[in-house]
There are 2 protein chains.
Amino acid sequence: MTADPAAGLPEAVLRPVRGHHAFEACVEQLATAMRLGVYPLGSVLPPERELAARLQVSRATLREAMAALRQAGLVETTRGRGGGTVVTLKPRSPSARAAARVSPERRADWLDSLDFRRVIEPGAAALAASLPLSEPARAQLQLALDDVTTARRPADHRQADSRFHLTIATLSASPRMVEAVTSVQSALHEMLLAIPVLETNIAHSDRQHAAVVRAILAGRPERARAAMEEHCDDTAALLRGLVG
Amino acid sequence: MTADPAAGLPEAVLRPVRGHHAFEACVEQLATAMRLGVYPLGSVLPPERELAARLQVSRATLREAMAALRQAGLVETTRGRGGGTVVTLKPRSPSARAAARVSPERRADWLDSLDFRRVIEPGAAALAASLPLSEPARAQLQLALDDVTTARRPADHRQADSRFHLTIATLSASPRMVEAVTSVQSALHEMLLAIPVLETNIAHSDRQHAAVVRAILAGRPERARAAMEEHCDDTAALLRGLVG
DNA sequence: GAGTAAAGGTCTGGGTTCATACCAATTTTA
DNA sequence: TAAAATTGGTATGAACCCAGACCTTTACTC
């Protein structure tokens with residue numbers, strides 16, 4: 001008799017070993033970073049050699065990605081000292097394009113990201129609240145919150161919101177957490193762009209953001225978690241019906 | 001004036017674009033699956049073509065990985081119909097090898113995985129508890145629990161434990177969750193092997209496992225989360241000192 | 001104005017990976 | 001016993017990716 005593989009596990013555990021081609025992955029990462037406002041309109045990307053090192057690809061490959069971004073109009077490049085690549089991607093508002101053209105796989109991934117988010121982001125907030133935060137860190141968090149609340153146009157608000165959530169993740173000081181939140185925010189961003197959503201209740205959302213920040217700064221993990229959970233639940237409720 | 005990239009975020013968000021060489025990633029995934037008991041000793045792996053499709057690599061690349069596993073003595077292969085690749089890797093007991101030879105990066109990753117685990121596994125348990133589970137799913141969970149409690153040798157217990165946690169993740173029905181738990185369990189497994197740990201308190205651990213299962217089967221998300229959190233905290237407390 | 005520094009642009013040789021066939025061994029089945 | 005089916009084994013040419021060196025443009029410094 002030979003042993004059986006554990007029922008059901010193999011299918012779930014063995015995953016595609018890498019997304020796609022390296023240069024596509026670079027395009028994806030950089031475009032995501034720009035869309036989420038990590039590199040907002042007008043900011044300048046690091047030099048090619050540095051970016052290549054950070055993404056652990058050769059400069060040749062990174063340059064292919066850059067060429068694609070340039071061609072797509074997301075960035076512009078100038079040569080010479082003091083030159084570099086600046087972001088020209090303007091934050092987009094939610095468009096009226098129907099979500100009908102979305103593939104079932106993507107739709108499933110979106111729904112998954114909502115479930116995952118409800119675990120990961122409250123966890124990140126709680127973790128951040130449980131750590132002793134440096135003064136600069138506290139200031140950074142407060143600044144990220146202010147950016148969200150003062151953003152006027154919806155597109156700017158969207159980017160500031162992503163940055164806010166990413167900032168909390170970085171404060172948790174856990175690389176895996178940052179990666180998870182980045183992934184989730186990217187999916188969220190896609191959903192919000194693809195869905196002709198009623199102007200979300202920004203005031204409501206901002207109150208929840210503020211509550212999360214208060215709890216983190218006060219060092220109250222459970223409270224931070226609960227506040228973020230509520231925030232995720234409200235957002236998810238809004239979206240779940242529209243993509244289902 | 002040009003916009004600045006959001007302070008601190010770029011460094012955290014831009015991550016290496018892939019784990020380099022596809023065949024190494026395949027080796028890693030397969031070896032992990034075997035070590036964690038997803039494919040226990042004596043089980044037979046899926047045919048090469050199927051594995052290649054699942055990992056989304058070419059068969060040539062997958063075969064390179066297989067050759068490495070074969071050479072390392074983890075698997076054996078026979079040809080012809082009914083042939084295939086069987087697992088020959090015997091589960092290892094925690095060895096007395098000191099953890100001193102571990103690189104600082106790995107050590108940091110280990111500590112990170114403990115923080116991350118405290119968020120992800122309780123979240124997975126809660127999510128699973130919040131879903132209506134099919135009868136086979138309930139049976140699978142119960143079976144996984146029984147495997148842990150009845151395992152005699154420490155090495156078998158270790159594998160059954162990994163399988164138990166992975167099973168909960170799959171019941172949460174979230175691919176991202178499964179991936180996160182797999183990553184965390186892999187790190188945990190490394191730590192437990194590298195550290196000459198006192199025989200952990202298996203009875204205590206089993207009681208906690210049982211509590212988690214009860215909560216999940218009863219459909220009590222908060223209780224499941226709390227039980228799993230306690231379990232993670234206890235394990236982490238044991239490990240944190242030894243690797244720090 | 002000459003020189004240096006910092007950035008993007010280009011080239012080359014070699015290793016990896018891919019897709020797609022086709023071959024060989026072995027068991028099942030007709 | 002012969003044919004079919006399933007599985008691992010092999011081969012080939014194209015596309016991709018890498019490391020490193022070198023060139024060009026531009027701004028700052030002396």
Side-chain angles (χ1 to χ4, degrees), chain A residues 1-2 4-5 10 14-30 39 42-88, chain B residues 1-2 4-5 10 14-30 39 42-88:
Chain A
M1 174 217 148
T2 59
D4 285 333
L14 294 182
R15 302 179 50 80
V17 95
R18 99 227 254 171
H20 354 281
H21 293 158
F23 97 95
E24 285 174 7
C26 292
V27 169
E28 161 113 19
Q29 272 212 40
L30 291 170
Y39 290 108
S43 60
V44 35
L45 300 182
E48 289 179 351
R49 296 165 223 260
E50 192 183 323
L51 268 185
R54 185 158 317 156
L55 299 183
Q56 292 194 14
V57 295
S58 72
R59 193 153 80 98
T61 302
L62 180 84
R63 280 181 54 72
E64 266 190 276
M66 290 301 229
L69 293 172
R70 218 173 296 134
Q71 191 162 5
L74 275 67
V75 299
E76 276 173 6
T77 310
T78 58
R79 300 176 61 163
R81 174 165 182 169
T85 304
V86 301
V87 178
T88 56
Chain B
M1 174 213 150
T2 60
D4 283 333
L14 294 183
R15 302 180 50 82
V17 96
R18 96 222 262 184
H20 273 91
H21 295 152
F23 97 95
E24 286 174 7
C26 292
V27 170
E28 161 109 21
Q29 272 211 39
L30 291 170
Y39 291 108
S43 61
V44 35
L45 300 183
E48 290 179 349
R49 297 165 225 259
E50 193 183 322
L51 268 185
R54 187 160 316 156
L55 299 183
Q56 291 194 15
V57 295
S58 72
R59 191 152 81 96
T61 303
L62 179 82
R63 278 179 57 69
E64 267 190 274
M66 290 300 230
L69 293 173
R70 216 173 300 135
Q71 191 161 5
L74 276 67
V75 298
E76 276 173 7
T77 341
T78 59
R79 301 175 60 162
R81 176 165 181 166
T85 305
V86 301
V87 177
T88 57

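The sequence lines fix the lettering, A, B, ..., with proteins before strands; numbering per chain opens at 1.
With C/dG9, D/dC17, C/dT17 as the candidates, the nucleotide lying closest to the side chain of B/Phe23 is C/dT17. The nucleotide whose nearest atom lies closest to any side-chain atom of A/Arg70 is, among C/dG9, D/dC18, C/dA7, C/dG9.
D/dG20 atom C1' lies 15 Å from atom CZ of A/Arg63, rounded to whole Å. Taking atom CD of B/Glu50 as the reference point, atom P of D/dG8 lies 10 Å away to the nearest angstrom. Counting to the nearest Å, the P atom of D/dC23 and the CZ atom of A/Arg79 are 14 Å from each other. Between B/Arg59 atom CZ and C/dA19 atom P there is a gap of 13 Å when expressed in whole angstrom units. A/Glu24 has its CD atom 13 Å from the P atom of C/dC18, to the nearest Å. Distance NE2 (A/His21) to C1' (C/dT16): 11 Å, rounded to an integer number of Å. Atoms CG (A/Leu62) and C1' (D/dC17) sit 13 Å apart, rounded to a whole Å. When the P atom of D/dA19 is taken as reference, atom CD of A/Gln56 falls 9 Å away, rounded to whole Å.
Taking each heavy atom of A/Leu55 and B/Arg15 in turn, the nearest pair found is CD2-O, 3.3 Å. Nearest approach of B/Glu48 to B/Arg63, heavy atoms of both residues: OE2-NH1, 2.8 Å.
In this structure, the separation between CZ on B/Arg59 and CD on B/Glu64 is 13.5 Å, given to the nearest 0.5 Å.
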I'd like a table of donor-acceptor pairs (distance under 3.5 Å, sequence neighbours excluded) in which one partner is a side-chain atom from residues 69-82 of chain A, with atom names and distances.
unit_1: A/Arg70; atom_1: NE; unit_2: A/Thr77; atom_2: OG1; d: 2.9

Stepwise, does the side chain to side chain contact (heavy atoms under 4.5 Å, CB included) test hold for B/Ser43 with B/Val86?
CA-CA 6 Å; B/Ser43 61; B/Val86 301; over 6 Å; no
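Side-chain N/O atoms of B/Arg49 and base N/O atoms of D/dG8 include a donor-acceptor pair closer than 3.5 Å.
OP1 or OP2 of D/dA4 has not a single side-chain nitrogen or oxygen of B/Arg81 nearer than 4.0 Å. Between B/Thr61 and the phosphate of C/dC18, there is a side-chain N or O to OP1/OP2 separation shorter than 4.0 Å.
Between A/Glu64 and A/Gly83, it is A/Glu64 whose nearest contact on DNA chain D lies nearer the 5' terminus.
Across all strands shown, A/Gly82 has no heavy atoms under 4.0 Å from either base or sugar-phosphate atoms.
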